[in-house]
Amino acid sequence: MCGVIPPAQPPPDPPHHGLVHPLSLWRWRHNPLYRCTDRLQGWTALVLLLLVPVLGVGAAYVIGDAAHRHYLADAEHRRQTLRLTTAVLVHDAPDHPEPGSAEARENRYPAPVRFTDRDGRTRTGEAEVLPGLRAGSSVEVWVDADGRIAEPPLNAERIRSRTMGWALVAFLTVTFAGGVVYRCVTVVLRRRNLAEWDTEWARTAKRWTTSP
């Protein structure tokens, strides 16, 4: 309708992302429409960009070191409390779909085995064996004090793999936390900007809409 001033709308904010985006630093540039919240958001982005990698590496080192010590102690404890003995395969182990492949050499399948405990009694249990082994084959198993088959102690490769896994989880957790912090800050600042916009519009709307 002619002569009617449409209601003012707040300026659109740039898209927000969960992670810190380097382009957020554009808020430091000189601009007549520059707001204090723009500077605060820019400083928040800079601090997080510098701090998150440092904290992430530190957390990865601390958690990785703790995990490495834990797995080393667990492996040593298993070597002291478990006994390595020879067992005989009772039934044929399942065949791998690709015999002779690298995957077949790494995979293990559960199969029933028979062994003799410390008291000389014959016992049976289930152990992880190579695919394709036939009944009567000899396999080595770790047995606990009660004569039950137990998980073998972790070797150096598995300890290293699990340690790296925990270190990676720690680094990603810190990175995600940094993104959450940045997201929360931007949401709070956006709400503040909208509230200030409403306040300023309430003051100036009368001069725009009041007839002379």
Is the backbone N or O of [Y] less than 3.5 Å from a side-chain atom of [X], with the two atoms forming a donor-acceptor pair by type?
X: D119; Y: R121; result: no
X: D144; Y: A150; result: no
X: T81; Y: H77; result: yes
X: T173; Y: V169; result: yes

Between [atom1] on residue [X] and [atom2] on residue [Y], distance to nearest 0.5 Å:
X: T86; Y: E140; atom1: OG1; atom2: CD; answer: 5.5 Å
X: L82; Y: I149; atom1: CG; atom2: CD1; answer: 11.5 Å
X: R114; Y: T124; atom1: CZ; atom2: OG1; answer: 9.0 Å
X: D92; Y: S137; atom1: CG; atom2: OG; answer: 8.0 Å
X: L51; Y: T44; atom1: CG; atom2: OG1; answer: 11.5 Å
X: L72; Y: H70; atom1: CG; atom2: NE2; answer: 10.5 Å

Show the nearest heavy-atom pair for residues [X] and [Y], with the distance to one decimal.
X: A127; Y: V113; result: CB-CG2, 4.0 Å
X: P152; Y: R78; result: O-CD, 4.1 Å
X: A59; Y: A170; result: O-CB, 3.7 Å
X: T85; Y: V143; result: CG2-CG2, 3.5 Å
X: A87; Y: F115; result: CB-CB, 3.8 Å
X: H68; Y: I159; result: CD2-CG2, 3.7 Å

Does a sphere of radius 6.0 Å around [atom1] in [X] hold more than 12 heavy atoms from other residues, nucleotides or ligands, not counting ones at 6.0 Å or beyond?
X: E151; atom1: CD; answer: no
X: W166; atom1: CH2; answer: no
X: R83; atom1: CZ; answer: yes

Please check if [X] and [Y] belong to a single hydrophobic cluster, counting links between Ile, Leu, Val, Met, Phe, Trp and Tyr side chain heavy atoms closer than 4.5 Å.
X: Y182; Y: F171; result: no
X: I63; Y: L154; result: yes
X: V139; Y: L130; result: yes
X: V54; Y: V47; result: no

query = Hey, is R79 close enough to E76 for a salt bridge, meaning N to O under 4.0 Å?
reply =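 Result for this pair is yes, salt bridge flagged.
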
message = Closer than 4.0 angstrom, basic N to acidic O: yes or no for R123 and D146?
response =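 Looking at D146 together with R123, the answer is no, because their closest N to O distance does not fall below 4.0 Å.
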
Result of checking L55, V52, V180 against T175 for side-chain contact (heavy atoms from CB on, under 4.5 Å) =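 The side-chain contact (heavy atoms from CB on, under 4.5 Å) with T175 is passed solely by V52 among L55, V52, V180.
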
task = Just do the salt bridge (charged side-chain N to carboxylate O under 4.0 Å, His left out) check on R162 and D74 with the steps written out, would you?
result = CA-CA 13 Å; R162 295 191 179 188; D74 179 74; over 6 Å; no

inquiry  = Assess the residue pair L194 and R191 against the criterion (side chain to side chain contact (heavy atoms under 4.5 Å, CB included)); give the C-alpha distance rounded to whole Å, side-chain angles, the decisive distance to 0.1 Å, and a yes or no.
reply    = CA-CA 5 Å; L194 292 177; R191 291 179 178 177; 5.7 Å; no

